[in-house]
K.L.:
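What follows is a single structure, and I will ask about it in a moment.
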Number of protein chains: 2
Amino acid sequence: MAPKNNALRLATATANCDCCFMESHCWPGIEAHSGEVLVKREPTLMAENVLWREGAQFNGLYFVRSGAIKVYEIDLSGEERILQFAFAGDLLGLEALAAGRHENSAVALIETMLCKLPWPPPADDRALLERLLKRASVQLRQRARATRLADPDASVRSFLHEIATHIGREERVGENVWIRQRLPMSRLEIGQYLGYAEETVCRSMRRLQSNGELEVSGRTLLLRQPPVGSAATAVRSAGRTETLSA
Amino acid sequence: MAPKNNALRLATATANCDCCFMESHCWPGIEAHSGEVLVKREPTLMAENVLWREGAQFNGLYFVRSGAIKVYEIDLSGEERILQFAFAGDLLGLEALAAGRHENSAVALIETMLCKLPWPPPADDRALLERLLKRASVQLRQRARATRLADPDASVRSFLHEIATHIGREERVGENVWIRQRLPMSRLEIGQYLGYAEETVCRSMRRLQSNGELEVSGRTLLLRQPPVGSAATAVRSAGRTETLSA
DNA sequence: CGGGTAGTTGAACCAGTTCAAATCTGGTGG
DNA sequence: CCACCAGATTTGAACTGGTTCAACTACCCG
């Protein structure tokens, strides 16, 4: 459980988002190739590698280029509570900006590539601040939804849909649309995020499976994308949100 | 339960935070009387008055000068979930900034005075953006803590302490320090915020009372401020945060 | 003082947790 | 390529803390 601190710290390079295929993911709405934003490529993290540790000084925000990061804290009773899962295009670390120090830890769940936006920002860029403020606003809105819903089935359904629509691939089988996704986190971690026990998540997924809402095999997930207007849609829209994080 | 929409909409006046006794509360860290920030005084809201309603267009952030506001949403099962309580000095509405539309509602719990910072801001002020970004960062950090803790006693204790240290008055009785505060919200609302039933909050407060941690009589609260280093402190620090909102 | 809402208490119920054990999976080394 | 291992997942069963329902009481406002 204790992650080995073998975070790779290889050479980093300054890069311009301009030339990055992820530009539109990291900066939704930005005019393509505006050449505005300077970030640093970070060395690739392998699963379990630490991005930052509780107590570390805050010195920049991260964008996920690919992979998955979990942000978590250890509460007084020693339990791990997961605060955020971040995937490609997501912004990480905003909550540490004000204090200048991280109050939680972040580790890679799978091989992950990141860019870093150093802080304070090198250039005095008002547009950048505005974009970050909007990102913060989005994260605040989403955090409000992350509370556990009425029952575990609703929570898990909502969680899986968020992940699937965020990073999954669509697949057509006959007239139905399914989303295929390999989950980067364990059942236990889903539980730690949603506020349920591992076993409850497990049983919940089984129920969803027997409802025909999804197929699971290990961490591979095939999620039914309910046709708009179906009865299932009304239920599912409980979890309507843009992404799992921002 | 349905609040009457008799929000008072009287004449508002542009004001400068400069001349306001709340300046240092609304803008912690700002150089006093810098004359930078322009806001509008909003008409006083009475208890139950609506500040904004779900679906309303976002057109500015609010600062609470005095009183108390609750921000809540109605989930699919018709239950009210409270997302934020805001008191004097707190900033409201950040989560609607990105979308340009409120996805939740806000009403006054008691008589409340507010200032509004129109959006987009009239002046192109980089320092303002930076401050707001920091405020957003603080709110993100705090939102992470608002999840329900291991047991209701810990949650309620933490909640009451946050409120008390934020808006309560200190009182010395012998060598002990107590904080006196009249709660602006009902037991039910505390439950809707913490994720417990009204009765559970009630019993929890009773347990804290028999522990000698507090005195309650209706909504009047007298909370023991544990001396630093006492056993109680270790427990209490579970809820260590700056304010209940930002 | 009287009515109505908010708060409190008790008891039964039940969803989710806990504990324990079986089963499966993915990855490793031979 | 296959056997094997450690960790992850699943299942079952007992337990328990929080919810629910139903009175009852206290407080606040007119």
Side-chain angles (χ1 to χ4, degrees), chain A residues 1-4 46-48 68 70 75 77-82 107 109-111 147-157 159-160 182-210 214-221, chain B residues 1-4 46-48 68 70 75 77-82 109-111 147-157 159-160 182-210 214-222:
Chain A
M1 202 54 23
K4 305 151 200 157
M46 304 308 286
E48 313 264 283
K70 75 167 173 184
D75 69 21
S77 52
E79 298 298 308
E80 178 173 324
R81 294 196 318 155
I82 295 178
V107 309
L109 294 171
I110 53 179
E111 187 177 329
T147 35
R148 94 190 218 173
L149 303 179
D151 64 298
D153 288 12
S155 297
V156 171
R157 179 188 297 115
F159 175 80
L160 295 179
R182 185 172 169 80
L183 294 175
M185 75 288 287
S186 70
R187 304 287 192 271
L188 175 60
E189 287 169 324
I190 296 176
Q192 289 168 332
Y193 179 72
L194 296 177
Y196 288 102
E198 184 180 13
E199 295 90 334
T200 304
V201 172
C202 203
R203 288 186 243 262
S204 198
M205 283 178 67
R206 183 133 310 247
R207 276 190 295 269
L208 296 181
Q209 185 162 205
S210 52
L214 54 81
E215 297 286 330
V216 224
S217 137
R219 293 196 180 183
T220 303
L221 187 72
Chain B
M1 199 62 11
K4 305 153 198 154
M46 305 307 288
E48 311 265 282
K70 74 167 174 183
D75 69 21
S77 51
E79 297 299 308
E80 179 173 324
R81 294 197 316 157
I82 294 179
L109 293 171
I110 54 179
E111 187 177 328
T147 34
R148 90 190 222 173
L149 304 179
D151 64 298
D153 287 14
S155 298
V156 170
R157 180 188 296 115
F159 175 81
L160 295 179
R182 186 172 167 79
L183 294 175
M185 75 289 287
S186 69
R187 304 287 192 272
L188 175 59
E189 287 168 324
I190 296 176
Q192 289 168 333
Y193 179 72
L194 297 176
Y196 288 102
E198 182 180 15
E199 295 91 334
T200 303
V201 172
C202 202
R203 288 185 245 262
S204 197
M205 285 179 67
R206 180 128 316 238
R207 276 188 297 268
L208 296 181
Q209 185 162 204
S210 52
L214 55 80
E215 297 286 330
V216 222
S217 138
R219 294 197 180 181
T220 303
L221 187 72
L222 205 55

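All chains are named by letter (A, B, ...) in the order of the sequence lines, taking the proteins before the strands, and each is independently numbered beginning at 1.
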K.L.:
B/I110 has an atom CD1; how far is it from atom P of D/dC29, in whole Å?
P.N.:
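It is 12 Å, rounded to the nearest whole Å.
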K.L.:
Whole angstrom is fine here: how far is it from CE in A/M205 over to P in C/dC24?
P.N.:
17 Å
K.L.:
A/Y196 has a side chain; which of C/dT17, D/dT20, D/dA8 sits nearest to it?
P.N.:
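Closest of the options to the side chain of A/Y196: C/dT17.
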K.L.:
Can you check the A/E79 CD to C/dT17 P distance for me, whole Å?
P.N.:
12 Å
K.L.:
For A/D153 and C/dG16, what is the distance between atoms CG and P respectively, to the nearest whole Å?
P.N.:
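It works out to 8 Å between those atoms.
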K.L.:
Looking only at side-chain atoms of A/E198, point me to the closest of D/dT19, D/dT10, C/dG26.
P.N.:
D/dT10
K.L.:
Tell me which nucleotide among C/dT17, D/dT9, D/dG18 gets nearest to the side chain of A/T200.
P.N.:
C/dT17
K.L.:
With heavy atoms under 4.0 Å as the rule, sort A/G195 into base, sugar-phosphate or nothing.
P.N.:
sugar-phosphate
K.L.:
How many Å lie between CD on A/E189 and P on D/dA8, as a whole number?
P.N.:
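After rounding, the gap between these two atoms is 9 Å.
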K.L.:
Rounded to whole angstrom units, what separation is found between the CD atom of B/E48 and the P atom of C/dT5?
P.N.:
12 Å
K.L.:
Would you please confirm or rule out a distance under 4.0 Å between OP1 or OP2 of C/dG7 and any side-chain N or O of B/R219?
P.N.:
yes
K.L.:
Rounded to whole angstroms, how far apart are CG on B/L221 and P on D/dC27?
P.N.:
15 Å
K.L.:
Taking only the side-chain heavy atoms of A/A197 (C-beta and beyond), determine which of D/dG18, C/dA6, C/dT18 contains the nearest atom.
P.N.:
C/dT18
K.L.:
Of B/C202 and A/G218, whose closest DNA chain C nucleotide lies nearer the 5' terminus?
P.N.:
B/C202
K.L.:
Can you tell me which nucleotide in C/dT9, C/dT18, C/dT17 comes closest to the side chain of A/E199?
P.N.:
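Output: C/dT18.
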K.L.:
Nearest 0.5 Å, please: how far is OG in A/S204 from CZ in A/R187?
P.N.:
11.0 Å
K.L.:
Rounded to the nearest 0.5 Å, what's the gap from CZ on A/R203 to OH on A/Y196? Could you check?
P.N.:
14.0 Å
K.L.:
With distance as the sole test, does B/E80 use its side chain to make a donor-acceptor pair with the main-chain N or O of B/Q192 at under 3.5 Å?
P.N.:
no
K.L.:
Determine whether B/V156 and B/R207 make a side-chain contact, defined as any pair of heavy atoms from C-beta on separated by less than 4.5 Å.
P.N.:
no
K.L.:
With the side chain of B/R206 defined as its heavy atoms from C-beta on, choose the nearest nucleotide among D/dG18, C/dT9, D/dT9.
P.N.:
C/dT9
K.L.:
Quantified as the angle between the terminal helix axes (five pairs each), what is the overall bend of the helix from C/dC1-D/dG30 to C/dG30-D/dC1 to 10 degrees?
P.N.:
50°
K.L.:
Can you check the B/D151 CG to D/dT19 P distance for me, whole Å?
P.N.:
12 Å
K.L.:
Does a distance-only test, which skips hydrogens and angles, find a donor-acceptor pair under 3.5 Å between the side chain of B/R203 and the base of D/dG17?
P.N.:
no
K.L.:
Got B/L221 and B/L214 here, is their nearest side-chain heavy-atom distance under 4.5 Å?
P.N.:
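Yes, side chains in contact.
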K.L.:
What about A/R187: does its side chain form a donor-acceptor pair under 3.5 Å with the base of D/dT11?
P.N.:
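In this structure, the two groups form no donor-acceptor pair.
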K.L.:
Say you draw a straight line from CD of B/E189 to CD1 of B/I82; how long is it, rounded to the nearest 0.5 Å?
P.N.:
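Result: 4.5 Å between the selected atoms.
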K.L.:
Any side-chain heavy atom of A/T200 sitting closer than 4.5 Å to one from A/L194?
P.N.:
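Of all side-chain heavy-atom pairs linking A/L194 with A/T200, none is under 4.5 Å.
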K.L.:
Can you list the steps and then say if A/M185 with A/K70 is a side-chain contact (heavy atoms from CB on, under 4.5 Å)?
P.N.:
CA-CA 9 Å; A/M185 75 288 287; A/K70 75 167 173 184; over 6 Å; no
